[in-house]
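What follows is one structure encoded as structure tokens, with my remarks underneath.
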Amino acid sequence: MNQSFYDKLQILEPEERKLEEMERLKAMERPLLSWYRENARILPWRETPEPYRVWISEIMLQQTRVEAVKPYFARFMKALPGIRELASVSEDELLKLWEGLGYYSRAKNLKKAAELLVEQYGGELPASYEELKKLPGIGSYTAGAIASIAFGIPVPAVDGNVLRVISRVTGSREDILKQSVKSGMEEKLKKIMPKDAASSYNQGLIEIGAIVCVPNGAPLCGRCPLSSVCVAKAEDLTGVIPVKTPKKPRKAEDKTVLMLWREGKVAIRKREDAGLLASLYEFPNLDGHLSEETIYSLFGAKAAKVTALPGSRHIFSHVEWSMTGFRIDLSGTLEGDYLWVTPEEIKKTYSLPGAFKAYTKLIR
DNA sequence: AATTCGGGGCC
DNA sequence: GGCCCAGAATT
């Protein structure tokens, strides 16, 4: 009977299987480092591994593709070239720099961390995995990335790429979305990673995941330096590994967006400082799809004219907005925390999320 | 352990 | 139309 290698693994005793796995992981080192030396992409944050640059890039790269980060990184480094500049920037200016990049708490945590660094660390990032991990916005992956890339400290940096690559190499069918799987992989890599090449080792694993051992479609095993030690490759399991639990469906929400106009200016307001799109600006809006009659009843005689605007749909990770809108030309003043701004000010000063793009573009 | 945070490119 | 991305914080 022709028993597959994967089946053979299954009949090993747990201890034997662990040993086999560690040997397999150790076998990655030489081909991995050699491949990375020759195939590392030239990226802006790789020009010099200055801790501040590594930090900013790693935060921007959280759940965000390299190509999306590039222009933001350049603009950010020019506007805020160091920790002290970041610590003293205004929140609005910071969020304007982050506008469109998403996950806006990242930006707010950056500023918080910078303030802490100035107050408690002499304005510099600590060369310590544990100290880095205490800073807001820095979890196990980012602490490992900064520690290894900026300071050469031999700690793993396990992101989605590494989870995918290692799962395939070892033939693991464990759910990579489980925190326990991630921490388990960090423990394994910590034991076997080279002490004198942490930066290249971590970046090499990530790089393979990003450009060879890709998630969507078939991985490019023909170009992979790990193909000879890879269980998924040998057993044709790259289609089923990594295993990820399905996401739950997103919630649908109806909104009615109001473009209030008065004397050539339009009303915006600042969102709550927590939750979705925290602290960004928005056009005033109400829950539900409201009728024109309802709009008139809300604004009464102050609404000189009400015009229906096109509908729009915006998809977040976990919520979907179905928007209708009205332009309301006002004759009198209005109660409430509105900022009356010109189109130019929206463009240059205020951070409005892309969810409102269908309405933002109407004012140009 | 599960949920909440964005946005865009690709299949 | 769904998937996934150099994840972390909160509940």
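Keep in mind that this is a model prediction, so the values were computed, not measured. Residue numbers start from 1 in every chain, and the chains themselves are labelled A, B, ... in the order their sequence lines are given, proteins ahead of strands. Just the heavy atoms: all of them, side chains too, but no hydrogens, waters or symmetry mates, feed the values below.
A:Y296 forms part of a hydrophobic cluster together with A:L258, A:L260, A:L286, A:L290, A:I295, A:L298, A:F299, A:V306, A:F326, A:I328, A:L330, A:L334, A:Y338, A:W340, judged by ILVMFWY side-chain heavy-atom separations under 4.5 Å. Hydrophobic cluster of A:V243: no remaining members, since no ILVMFWY side chain lies below 4.5 Å from it.
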* Asked: Should A:I83 and A:Y121 be marked as a side chain to side chain contact (heavy atoms under 4.5 Å, CB included) after you check the CA-CA gap, both sets of side-chain angles, and the distance that decides it?
  -> CA-CA 11 Å; A:I83 291 174; A:Y121 292 83; over 6 Å; no

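Look at OH on A:Y104: it is 14 Å from P on B:dC5, rounded to the nearest Å. Computed from coordinates, the A:R250 CZ to C:dC3 P distance equals 9 Å when rounded to whole Å. In this entry the distance linking CH2 of A:W98 with P of B:dC5 reads 18 Å, nearest Å. Here the C1' atom of nucleotide B:dC11 and the CG atom of A:N216 are 7 Å apart, to the nearest Å. In this structure, CD of A:E320 is placed 17 Å from C1' of B:dT4, rounded to the nearest angstrom. Distance CG (A:L177) to C1' (B:dT3): 13 Å, rounded to an integer number of Å. For A:R313 and B:dG8, the CZ to P distance is 17 Å, given to the nearest whole Å.
One P atom belongs to C:dA6, the other to B:dT3, and the distance between them is 24 Å to the nearest Å.
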Between side-chain atoms of residues 189-197 of chain A and protein atoms elsewhere (two or more places apart, or another chain), which donor-acceptor pairs fall under 3.5 Å?
none

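Taking A:R37 as the reference, A:S34 meet the side-chain contact (heavy atoms from CB on, under 4.5 Å) condition, with sequence neighbours excluded.
Comparing A:Q179 and A:K248 against DNA chain B, the residue whose closest nucleotide sits nearer the 5' end is A:Q179.
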* **Heavy-atom protein contacts under 4.0 Å, nucleotides 5-11 of chain C, coded B base, S sugar-phosphate only, - none** => BBBSS--

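Note on residues 220-232 of chain A: no pairs pass side-chain hydrogen bond (donor to acceptor under 3.5 Å, both in side chains), not counting sequence neighbours.
A close approach under 4.0 Å does not occur between any side-chain nitrogen or oxygen of A:H318 and OP1 or OP2 of B:dT3.
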